Structure formats: C-alpha cells, structure tokens
2 protein chains.
Amino acid sequence: MTIKEVCSRFGISPDTLRYYERVGVIPEVHRTPGGIRDYTEEDLGWVETAACFRSAGMPIELLIEYVRLYKEGDGTIAERCALLRKARERILAERQKCDDALRKMEYKIRVYEKAVRTGRLDWDGDDGCCNCSSPKQEE
Amino acid sequence: MTIKEVCSRFGISPDTLRYYERVGVIPEVHRTPGGIRDYTEEDLGWVETAACFRSAGMPIELLIEYVRLYKEGDGTIAERCALLRKARERILAERQKCDDALRKMEYKIRVYEKAVRTGRLDWDGDDGCCNCSSPKQEE
DNA sequence: CCTTGACTTAGAGTGAACTCCATGTAGTAT
DNA sequence: ATACTACATGGAGTTCACTCTAAGTCAAGG
C-alpha cells in the first residue's frame, strides 16, 4: 500500500508519516526494490496505533520509547507493559480534565441559554463557575 | 492576592499568568497603586476558567475570543453561547479520542500481563490491536 | 527515450504556547 | 538610607510536533 493510500486512510499527511518513521514513532516501513514505501498490514497496524495514541495526546517521546523496546525483543515485555500503564494513567488524567472542563461548559451554556430565553443573565451566585456575566461598568 | 499565590493555587507559572493577561486569555487583572497585580475573586474566577479549559486542550485563540465577546457586553451573549457549544463539541471529540486510545491500551496491557505470567505473548489474531509482539527475525 | 507526476532525502521553517532574560521598580526589613 | 526580594515590562528564546522546500529518483504513459 502506497504512502498516499495510508494517508487518506488515517487522515495523516505524507510528511507526518515519513517523520514518524524517521524519528522512530513507527518501525521502518517495508519498501519496494526502488526504495518506495510499500506499507504491509503490520506497518498499517503501527500507523494506526501511532495515530490513535497521538490523537489522544500521548507524546511522541513515549511512542518512540515503546518502539525502541519492541525492537529489543521479548526481554522488554515487562518494561513495555509498565510504559503502557504509565501512558494509561496519563490519558485517564487527560480524560478527567476533559470532564472537568465539560462540566464548567455545560453550566455556562445552560446559563447563557436561559439568558437568551429570558433576556437577562442569572448566574446563581458563588458557585465558582461564573465570570461570564458582562463586565461591570466601573469607569 | 499576589501573583505568587495565584500560581501555587492553580499550578501555573507567573510567566504564564502574565502571558494570559497580555494576550487576552483573561481580562486585565486588578493592580495595587504601585502597579503590582492584586487578583480579586473575579480575577481568580477567570484564571480558574482559563486553567480548566486550557488543560482540557481548548486552544488559547478560543479563550481570547470569548474574553473579547465578554468585554463587548450583553449584546454578545448568544455569540458566547455558540462559542461554548463549539468548544464543547471539541472537548467531546477529544474525550472520545482518549477513550479510543484507552481501549487499545487496555487490550495491549492485558496481553502483556498475560505474557508476563505465562512466559509468552499471545495476541489473539487479527483484531487490529496487535503490533506489540516481538519483531520477526527476518534478516 | 522523454515527459510527467508521485515518490525520495536532508534539512530548514512554522505555529502554538509558553518560558526565559535583561533591566528596572515596589515594598519590606534593618 | 540601604539592602533585599518579589514584582514589572518588552522582547528574545525554547519546545513540540509537525510542515515545507529543494534537489534528486522511480515508474508509467506516449
């Protein structure tokens, strides 16, 4: 499979795919005799994993470390497992932050929707979710 | 409240706080007569919102736009509401990506844990979650 | 064989979001 | 008054993750 096809399948640019390979986010991709990249199913699996983990905010550095361990062979299985557990904690924390922000947004959206209906803002007091009412005209 | 205290409360550096104010992620902060920042409760609310939304991956540009609308007054309430709805969609998508990555990780972690117990890797076939077994020694 | 277009590389450039630095001022303790 | 520390500013520098450019190579059509 050509680099173009891989790109359109995963929504990544060719530059990014080559970059991932160059820095070690994915292992070396299979080539034609002429030196053109020809992705195998296994290569695709790596690309999918990289794309998936990256889009969740996992830093490139961790993926590089994972591939490095993978290349070293079965002796690194425990290490790889530990790395993935660390990554999971990161993403869980990430998701928690999304949830926190979502709660804040939902509240603000509700207040604004009510304001649009009733014609006036009505933040119910000091719940730590305010700072959306119009600025006081102090000067 | 001094900038130092605000920093330790929200885990942000003073440079970042000043940067946020400078580019408009938060409105101008109250000052002492001498020109030193002295955060009011309202200022703190803005900082909290900015920190919360930023840590969920909301781009600075959106926050700046939100503050800009806020400063314009009540006429922008519908716009602000629309902006927040757009932001919510973004964060929801973000969270979905976290969930996707987590599922992939959980699977890999399970396989590795089993490998650590049994002494050998056992990816159950072509489920699109592989690419973690040791490289085939082809050369 | 020649053109054309997609591929290759190495290396420079970009954008977002900070982060650091140099220089100067505010406020407090001695 | 002096020293010291925390704060101020404008502007330069850094980091991450790409993204682009230039110059060259591969492969298919005419």
Side-chain angles (χ1 to χ4, degrees), chain A residues 1-40 43-44 46-47 49-68 87 90-91 94 97 101, chain B residues 1-40 43-44 46-47 49-68 87 90-91 94 97 101:
Chain A
M1 179 172 284
T2 70
I3 199 168
K4 194 75 154 298
E5 292 168 315
V6 178
C7 289
S8 69
R9 174 180 298 199
F10 295 108
I12 305 177
S13 78
D15 274 324
T16 299
L17 270 184
R18 285 189 282 255
Y19 164 72
Y20 280 178
E21 186 177 349
R22 180 155 56 84
V23 301
V25 166
I26 58 174
E28 293 72 25
V29 168
H30 175 251
R31 306 286 183 119
T32 65
I36 306 283
R37 285 178 184 79
D38 180 24
Y39 292 78
T40 64
D43 293 329
L44 290 179
W46 280 103
V47 172
T49 298
C52 175
F53 286 8
R54 271 300 299 135
S55 77
M58 185 157 156
I60 266 183
E61 200 45 56
L62 272 185
L63 289 168
I64 292 172
E65 176 69 2
Y66 183 77
V67 170
R68 200 185 61 71
R90 283 186 78 113
I91 307 290
E94 205 76 10
K97 287 179 200 159
Chain B
M1 179 172 285
T2 71
I3 198 169
K4 192 75 155 295
E5 292 168 315
V6 179
C7 288
S8 69
R9 174 181 296 199
F10 295 109
I12 305 177
S13 78
D15 273 323
T16 299
L17 269 184
R18 286 189 282 255
Y19 165 72
Y20 280 179
E21 187 178 349
R22 181 156 53 86
V23 301
V25 166
I26 58 175
E28 294 71 27
V29 168
H30 176 250
R31 307 284 184 123
T32 65
I36 307 283
R37 285 177 184 80
D38 179 24
Y39 292 77
T40 64
D43 293 330
L44 290 179
W46 280 102
V47 172
T49 297
C52 175
F53 286 7
R54 273 298 301 135
S55 76
M58 184 157 156
I60 266 183
E61 200 45 55
L62 272 185
L63 290 167
I64 292 171
E65 175 68 2
Y66 182 77
V67 170
R68 200 185 62 71
R90 284 186 77 113
I91 307 288
E94 204 77 9
K97 287 179 199 160

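To find a chain, count down the sequence lines: A is the first, B the second, and so on, and within it residues start at 1. Just so you know, these numbers come straight off a predicted model, no measurement behind them.
The two residues B:L63 and B:A50 have their closest heavy-atom pair at CD1-O, 4.2 Å. Nearest approach of A:A51 to A:I12, heavy atoms of both residues: CB-CD1, 3.8 Å. Taking each heavy atom of B:P14 and B:C7 in turn, the nearest pair found is N-SG, 3.2 Å.
The distance from atom CD of B:E94 to atom CE of B:M58, rounded to the nearest 0.5 Å, is 12.0 Å. Rounding to the nearest 0.5 Å places CD1 of A:I3 at 11.0 Å from CG of A:D43. In this structure, the separation between OG1 on B:T49 and CZ on B:R54 is 14.0 Å, given to the nearest 0.5 Å.
The stretch residues 50-62 of chain B comes close to DNA chain C through B:R54, B:P59, B:I60, each having a heavy atom under 4.0 Å from the strand. Contacts between residues 8-16 of chain A and DNA chain D, counted as heavy-atom distances below 4.0 Å, involve A:D15, A:T16. Residues from residues 19-29 of chain B with heavy atoms under 4.0 angstrom of DNA chain C, sorted by number: B:Y19, B:Y20.
Paired with A:R37 under the rule side chain to side chain donor-acceptor pair (under 3.5 Å), one option of A:H30, A:E21, A:E28 passes, and it is A:E21. In summary, of the residues considered (B:V29, B:V25, B:I26), a side-chain contact (heavy atoms from CB on, under 4.5 Å) with B:V47 occurs for B:I26 alone.
Atom CG of A:D38 and atom P of C:dC7 are 12 Å apart (whole Å). Between the CZ atom of B:R90 and the P atom of C:dA16 there is a distance of 12 Å, rounded to whole Å. Per the geometry, NE2 belonging to A:H30 stands 17 Å off P belonging to C:dC7, to the nearest Å. Whole-Å rounding puts the A:R31 CZ to D:dC26 C1' distance at 13 Å. Rounded to whole angstrom, the span from the CD1 atom of B:I64 across to the P atom of C:dC18 amounts to 10 Å.
Side-chain contact check for A:I60 versus A:Y20: some heavy-atom pair is nearer than 4.5 Å. When side chains are defined from C-beta on, A:F53 does not count as touching A:I91, because their heavy atoms never get closer than 4.5 Å. At least one side-chain heavy atom of B:Y39 sits less than 4.5 Å from a side-chain heavy atom of B:L17.
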Inset, instruction - May I have the step-by-step check of side chain to side chain contact (heavy atoms under 4.5 Å, CB included) for A:W46 and A:V67, ending in yes or no? - result: CA-CA 9 Å; A:W46 280 103; A:V67 170; 3.7 Å; yes
Legend entry - DNA chain D base-pair string [pairs: Watson-Crick or G-U under 3.5 Å; |: paired with another strand]: ||||||||||||||||||||||||||||||
Legend entry - Under 4.0 Å protein heavy-atom contact, by nucleotide of nucleotides 25-30 of chain C - B base, S sugar-phosphate only: -SS---
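Judged as a side-chain contact (heavy atoms from CB on, under 4.5 Å), and not counting sequence neighbours, B:S8 has no contacts.
For the pair A:R37 and D:dT25, the criterion of a side-chain N or O lying under 4.0 Å from OP1 or OP2 is not met. Distances shown here put a side-chain N or O of A:R18 below 4.0 Å from the OP1 or OP2 atom of C:dT8.
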